[in-house]
Amino acid sequence: MRETNSGAAALMSQPPLTVSDRLARKALRNFKERVIELLLLGAASVSVLTTVGIIWVLVSESFNFFSNVSIWSFLTDTMWTPLFAEPRYGILPLLAGTLTTSMVALVVAIPLGTTIAIYLSEFARPAVREVVKPFLELLGGIPTIVYGYFALMVVIPLLQLLIPDLSGFNMLGAGIVMGIAIIPYVSSLAEDAMRAVPMSMREGSYAMGATKLQTAFRVIFPAALSGILSAYILGISRAVGETMIVAVAAGMQPNFTVNPLEPAQTISAYIVQVALGDLPHGSIGYQSIFAAGLSLMLMTLALNLVGHVVRRRFREAY
Amino acid sequence: QSTVKIDGSSTVFPVTEAVAEDFQKSKKGEVKVTVGISGTGGGFKKFCRGEIDVADASRPILKKEMDACAQAGIKYIELPVAFDALTVVANPKNAFIKQLSVEQLKKMWEPDAQGKVTTWKQVDASFPDAPLKLFGAGSDSGTFDYFTEAVVGKAKASRGDYTASEDDNVLVQGVSRDVNAVGYFGYAYYAENKGKLKAVPIVNKEGKPVEPGPAAVLDGSYNPLSRPIFIYVAEKSLEKAEVRDFVTFYLKNASKLATEVKYVPLPAKSYEVALEHVNKKKLGTVFGGEPEIGVTIEALLAREAKL
Amino acid sequence: MKSEDIPSIRKIIRRNKRLELFFAVAGFLALLVGVLTFVALFAQMAWSGWERITPDFFTNFPSRRAGQAGILSAWVGSLLVMLVTALSAVPLGVAAGIYLEEYAPKNLFTDIIEINVTNLAGVPSIVYGLLALGVFVYTFGFGQSILSAGLTLGLLILPVVIVATREAIRSIPLHIREAAYGLGATRWQVTRDHIVPYSLPGILTGVIIGMSRAIGETAPIITIGALTFIAFLPESPIGPEFPWVNFEWLKSGFTVMPIQMFNWTSRPEEAFQQNAAAAGFILVLMTLAMNAVSIWIRYHVRKDIKW
Amino acid sequence: MRPDKGVAVKASVENFSFYYGDFKALKSISMPVHEKRVTALIGPSGCGKSTLLRTFNRMHDLYPGNRYEGTIRLHPDNTNLLDPAVDPIEVRMRIGMVFQKPNPFPKSIYENVAYGLRIRGERNRSVIDDRVKEALRGAALWSEVEHRLHDPATALSGGQQQRLCIARCLATEPEVLLFDEPTSALDPIATASIEELVHELRDKVTILIVTHNMQQAARVSDYTAYMYLGELMEFGETNQIFVNPKRKETEDYITGRFG
Amino acid sequence: MRPDKGVAVKASVENFSFYYGDFKALKSISMPVHEKRVTALIGPSGCGKSTLLRTFNRMHDLYPGNRYEGTIRLHPDNTNLLDPAVDPIEVRMRIGMVFQKPNPFPKSIYENVAYGLRIRGERNRSVIDDRVKEALRGAALWSEVEHRLHDPATALSGGQQQRLCIARCLATEPEVLLFDEPTSALDPIATASIEELVHELRDKVTILIVTHNMQQAARVSDYTAYMYLGELMEFGETNQIFVNPKRKETEDYITGRFG
Ligand SMILES: Nc1ncnc2c1ncn2[C@@H]1O[C@H](COP(=O)(O)OP(=O)(O)OP(=O)(O)O)[C@@H](O)[C@H]1O
Ligand SMILES: Nc1ncnc2c1ncn2[C@@H]1O[C@H](COP(=O)(O)OP(=O)(O)OP(=O)(O)O)[C@@H](O)[C@H]1O
Ligand SMILES: [Mg+2]
Ligand SMILES: [Mg+2]
Ligand SMILES: O=P([O-])([O-])[O-]
């Protein structure tokens with residue numbers, strides 16, 4: 001050791017703080033800590049308040065709606081024409097439209113998003129990743145109305161070349177573009193989850209003679225499963241709630257079908273249609289958007305609860 | 001600094017926007033004008049809460065809305081500002097549609113047609129057996145209300161299996177891409193897309209097929225699909241100089257500006273009458289809260305004279 | 001395997017590598033789909049909007065004449081709305097993230113908060129619009145103002161900020177925390193001096209991702225009612241005298257870039273489509289700029305933080 | 001090792017048990033900690049050495065579900081460290097800790113050492129400067145870093161980082177210093193310098209050190225506690241424990257016949 | 001330690017240098033690795049032990065900017081492991097590695113051991129079953145896990161996990177096994193069991209082990225290489241290196257006068 005003891009000796013010469021000093025400080029300290037904790041708790045509660053607010057708004061307006069329309073017919077009627085002279089209030093066509101477009105979107109977004117995530121996390125050089133990832137995230141920043149026109153003007157005409165008598169508005173085209181639009185949500189989160197798998201896992205696998213592909217699929221993917229599932233759940237929620245793309249390209253036609261080649265309307269598209277439209281507030285047609293919104297909210301809620309349980313089950317343990 | 005707040009119909013928006021733009025310029029920015037689009041119904045909702053000064057409306061005020069305004073003590077002056085001609089369009093490549101009668105349109109659009117009338121042949125035996133593709137206004141727009149009233153005979157009575165959109169350009173795209181398509185929307189969208197679409201002459205009450213156009217609207221021969229559009233001004237707001245100035249400016253320039261944005265202006269006489277109403281504060285509506293179709297300019301003027 | 005088996009090893013490797021190559025190509029193509037879509041959309045907007053991007057485009061208000069219409073009120077509106085969004089979502093989100101990660105006891109309530117936050121991330125934006133209409137616009141009486149819109153989008157991105165904050169905090173190793181507590185730091189001191197600074201890069205990333213999403217949102221803003229024609233700017237947030245800030249602008253009506261775009265795309269005149277493309281291009285540039293800033297900050301702050 | 005003549009007791013553990021949730025990790029432990037002496041805790045992995053050590057500055061309070069039973073008294077004021085009424089922060093202010101893995105904050109060297117002073121409310125720049133310097137001297141690091149006090153601490157080598165962590169504790173003048181296997185992540189050279197440092201510090205501060213290296217315990221400590229499966233098997237002067245253990249188990253462990 | 005009579009050379013390092021970017025971490029190293037013997041790499045921290053070890057299965061290829069110079073020949077086929085034309089995957093299939101921190105995959109115990117076989121395309125269930133069993137036996141883990149082969153590997157204790165990692169390597173019958181401080185994260189009991197295992201394995205496979213514990217090197221190895229600052233200072237039979245080192249530096253390090 002190069003130092004002498006003089007430093008340490010000087011150091012210990014001051015008397016320790018007396019006990020009463022400490023007590024005085026403690027009271028002040030505890031008060032301050034308490035106030036800060038309450039403030040932070042308040043901030044955390046805002047998210048709960050938001051949910052409560054959403055549910056309150058949706059339920060109270062839906063309440064009026066359901067005093068005119070029976071829940072039974074809402075859930076079983078196969079026609080949705082709330083704004084017509086002879087209104088029918090069956091949510092099934094909208095639900096079918098929502099599920100079909102979402103399904104198409106997921107068929108695009110999950111394989112592509114996962115592939116991209118694996119490619120970026122395990123195959124691409126770091127420099128490529130650093131450039132490409134923000135780029136992909138920008139896809140999430142393009143206004144969805146732009147995607148809507150992209151679907152209508154580019155993708156659907158292309159599809160019509162493949163499927164000759166495809167109608168000009170359909171769930172397939174809207175769903176595909178919606179899928180592309182949610183790729184970044186899926187790929188970015190899934191990639192984060194895979195990056196988070198410690199390097200020691202990769203070294204372990206490579207040291208056995210595994211290729212990148214084997215490492216990615218057999219080790220990294222299962223290890224990151226819970227994070228990847230979160231990414232999927234978010235992607236599904238996005239698809240279910242996506243509005244402008246389907247509003248522009250899917251045809252706005254409540255159609256009780258799951259055939260993606262046909263036009264249809266989704267719950268969110270219906271809501272924005274009415275919000276943009278001409279309906280007197282307080283009319284039953286206006287209240288119908290809250291009933292529709294409530295259905296949408298319940299769907300995403302159910303989805304996320306399932307996601308929560310599934311994620312718990314696959315929690316990473318490296 | 002003073003502000004004029006306007007909201008309401010998307011159909012009336014282009015005219016009001018043009019007026020607002022020029023008015024602000026003429027006032028050298030001393031007066032602020034804001035124009036929103038929340039639909040005729042949304043506009044009346046705000047109007048009857050006293051949140052805005054002027055409501056744009058593509059149809060006359062309805063009973064429900066009159067009650068709401070009355071309850072809030074809002075009185076208003078109704079001012080027709082231009083005409084719109086709902087235009088039935090088909091694909092330019094379509095060879096067999098030469099004209100359509102209201103009965104034929106009804107066959108296509110009435111609620112009973114849903115799922116049943118799916119080919120042109122079913123509409124008229126002389127048409128080929130080609131699939132029928134329909135495009136139309138979203139079910140909560142003033143355009144939809146008016147069209148159904150005029151064609152089917154009952155507002156909002158329509159089949160549901162057609163492609164609807166609030167955005168008329170989407171409909172333009174749809175019709176221009178499909179040989180067997182037919183659709184309807186405001187005249188301005190047709191006027192701007194004449195290359196991609198053809199307007200279908202409509203057989204009028206007199207039994208004559210008439211193409212939409214300013215002249216046909218003005219002389220009343222394009223019926224029943226032409227309709228007046230309005231602004232409603234709150235009486236209280238008129239006490240503010242800037243609102244009065246704005247409305248006066250509107251009526252004085254509507255003719256020129258409506259033409260510019262491809263609407264059909266009213267005859268000059270009509271604007272003078274309207275201006276008089278403003279000055280004399282003639283309150284209320286001439287429609288009695290019921291939707292009405294095929295009102296000609298003369299009829300409108302006559303009614304207004306009686307106010 | 002023994003060294004004699006080398007040929008068989010090689011065979012296995014060749015097979016494995018073929019698969020790997022196949023996937024690498026697939027991955028690259030998948031990436032291309034994403035990147036090319038972006039490039040195509042961006043290039044298309046640039047291509048058709050290019051002529052309109054002049055200095056005037058940024059300094060002009062909307063107009064009925066496509067050639068004179070500009071985005072001044074829209075970009076200023078977007079900027080101010082984003083300011084409110086950031087000022088509301090960042091402190092709330094970071095505080096909530098800190099609470100959940102550093103303070104919250106494990107109990108039913110925090111479990112509820114937690115499930116709730118993941119759930120909120122999936123709630124469709126249009127539903128936030130409905131909430132804001134009921135709560136901010138009417139119940140709180142903020143009206144259709146910058147404040148309402150900013151808070152709505154703030155709530156919309158709150159879950160993103162919370163999740164990013166939590167992730168960032170979770171990546172701070174336990175031993176750093178223990179070191180600080182071991183010295184006698186209070187919870188707040190640990191949070192202030194260590195947790196927040198070290199998680200800043202991650203938080204920033206989350207904020208930017210959230211803001212990139214918020215700046216392009218159309219649906220919720222439509223529901224609360226942005227104006228479509230607005231030819232003046234809100235009051236400046238910088239006041240002329242002490243304390244040099246001014247809150248009048250919060251109450252002002254506004255429009256934002258996506259609304260302006262939406263309005264232009266639904267115009268009948270072709271020329272407005274160019275404006276829409278130009279506006280879209282600039283909107284994406286704004287998003288790009290935000291991302292660039294975040295990457296820069298992330299890089300420069302993260303450089304100094306390692307364990 | 002030094003003679004035990006007239007050495008004061010700095011802390012006394014009395015009948016102390018500890019639970020991780022339902023798991024009883026420490027079973028009724030009683031032992032003294034002598035003032036200005038080095039006490040080593042040894043024993044096989046999982047026997048509870050770290051658990052006992054971390055009790056001294058209430059580290060377990062940071063995680064939910066942990067429970068203390070019994071008392072640890074700190075002298076001369078006779079405070080029961082485990083009393084719920086005693087603020088854990090106060091305890092940690094009096095008792096510093098050095099961890100197994102060097103864990104400097106990702107801040108500058110200077111800020112690392114100054115941190116303890118700052119959270120105690122010290123604002124006076126020159127006071128802080130002096131104390132940082134003293135502490136770095138005390139941790140035998142001054143000469144190596146004096147010209148780069150404002151470099152990031154993470155740029156230091158492992159051994160330097162560990163000495164920095166010691167300096168960080170010293171700056172706040174703790175009454176007791178806890179070391180949890182401070183050298184297990186270090187190379188032999190760094191290990192030697194830390195051992196030497198512990199040696200020097202024992203004149204000024206009471207030290208409790210966990211190690212699973214018996215040679216290290218023998219080299220640096222005055223007293224040794226041998227633990228096994230959460231129990232204190234034997235406590236005594238290091239000399240005695242290593243040369244003449246009273247219990248067979250201790251002897252087995254020390255001679256490497258086991259563990 | 002065993003006599004060196006007629007022992008074949010499994011690998012020979014010739015004039016090998018290694019660069020992390022611009023930093024030359026290994027300087028012209030030449031040494032043999034004897035077949036079915038244990039060779040220990042010792043030296044102070046940072047001297048390049050791990051770097052050299054990881055070269056043997058081209059781990060450095062995973063990170064950009066690393067550069068090899070010189071050759072490492074694997075006998076009997078005389079392949080140069082570092083030849084760019086030689087596929088690193090082939091090298092890794094022939095040479096297994098056990099890391100400092102146990103790193104089982106987050107899969108079942110069974111799947112961990114079967115992993116190497118699966119990536120080699122083995123599909124036959126009963127073949128895999130047999131090989132898994134053998135490998136677990138070989139790693140002295142069978143009796144502890146035989147009834148819970150399908151439990152997650154992460155539920156095992158540290159020492160068990162490390163033996164699992166060894167079994168994972170053994171299942172593919174590598175020609176050389178690399179160990180990088182395999183016991184430094186383990187407690188003494190687990191350490192002893194791993195050491196014993198290395199002892200047993202040397203009849204079947206060539207072993208290269210990095211350790212910074214000299215006693216461990218002395219206990220388990222037949223040959224020892226002492227490295228210092230990227231250079232190979234001395235290589236020889238372990239007996240000779242520990243009892244009668246040729247160089248002063250080696251002696252200083254081994255006797256603890258330094259490091
Ligand atoms: N957070 C915890 N929750 C539950 N049990 C724990 C926790 N930490 C430690 N234990 C258990 O308590 C016992 C004592 O652990 P402790 O870490 O004190 O041992 P140790 O003697 O320090 O061992 P080592 O030499 O490995 O550090 C062990 O059985 C351990 O598994
Ligand atoms: N990825 C890297 N990039 C740059 N330099 C490195 C890298 N890894 C190690 N080094 C440097 O190379 C030298 C040799 O490191 P190596 O890890 O091989 O040492 P070691 O002998 O294994 O030490 P230890 O006993 O601490 O594991 C050291 O100076 C180290 O700082
Ligand atoms: Mg321990
Ligand atoms: Mg090493
Ligand atoms: O906006 P509208 O004209 O359809 O009411």
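Reminder, nothing fancy here: chain letters follow the sequence lines and each chain counts from 1. Note that this is a predicted model, so its numbers are computed, not measured.
Interface remark: of the candidates Met97(D), Arg118(D), Met59(D), Met59(D) forms the most heavy-atom pairs closer than 4.5 Å to chain C. Note on Ala180(C), Pro105(C), Gly182(C): by heavy-atom pairs under 4.5 Å with chain D, the leading option is Gly182(C).
With rounding to the nearest 0.5 Å, the separation of CZ in Arg166(C) from CD1 in Ile203(C) is 12.5 Å.
At a cut-off of 3.5 Å, with distance as the only test, no side-chain donor of Asn57(D) or Tyr181(C) sits close to an acceptor on the other residue.
Using a 4.5 Å cut-off between heavy atoms, Arg168(D) contacts chain C through both its backbone and its side chain. Of the two parts of Ile89(D), the backbone and the side chain both hold a non-hydrogen atom closer than 4.5 Å to a non-hydrogen atom of chain C. For Tyr63(D), the part lying under 4.5 angstrom from a heavy atom of chain C is the side chain only. Heavy atoms of Leu178(D) lying under 4.5 Å from chain C are absent altogether.
The ring pair (Phe, Tyr, Trp, His ring centres under 6.0 Å) pairs that include a residue from residues 66-102 of chain D are Phe18(D)-Tyr68(D), where partners are two or more places apart or lie in different chains.
Every ring-ring contact (aromatic ring centres under 6.0 Å, His included) that Phe105(D) has, sequence neighbours left out, goes to His194(C), Tyr115(D).
In this structure, the side chain of Thr85(C) engages the main chain of Gly150(C) through a donor-acceptor pair within 3.5 Å.
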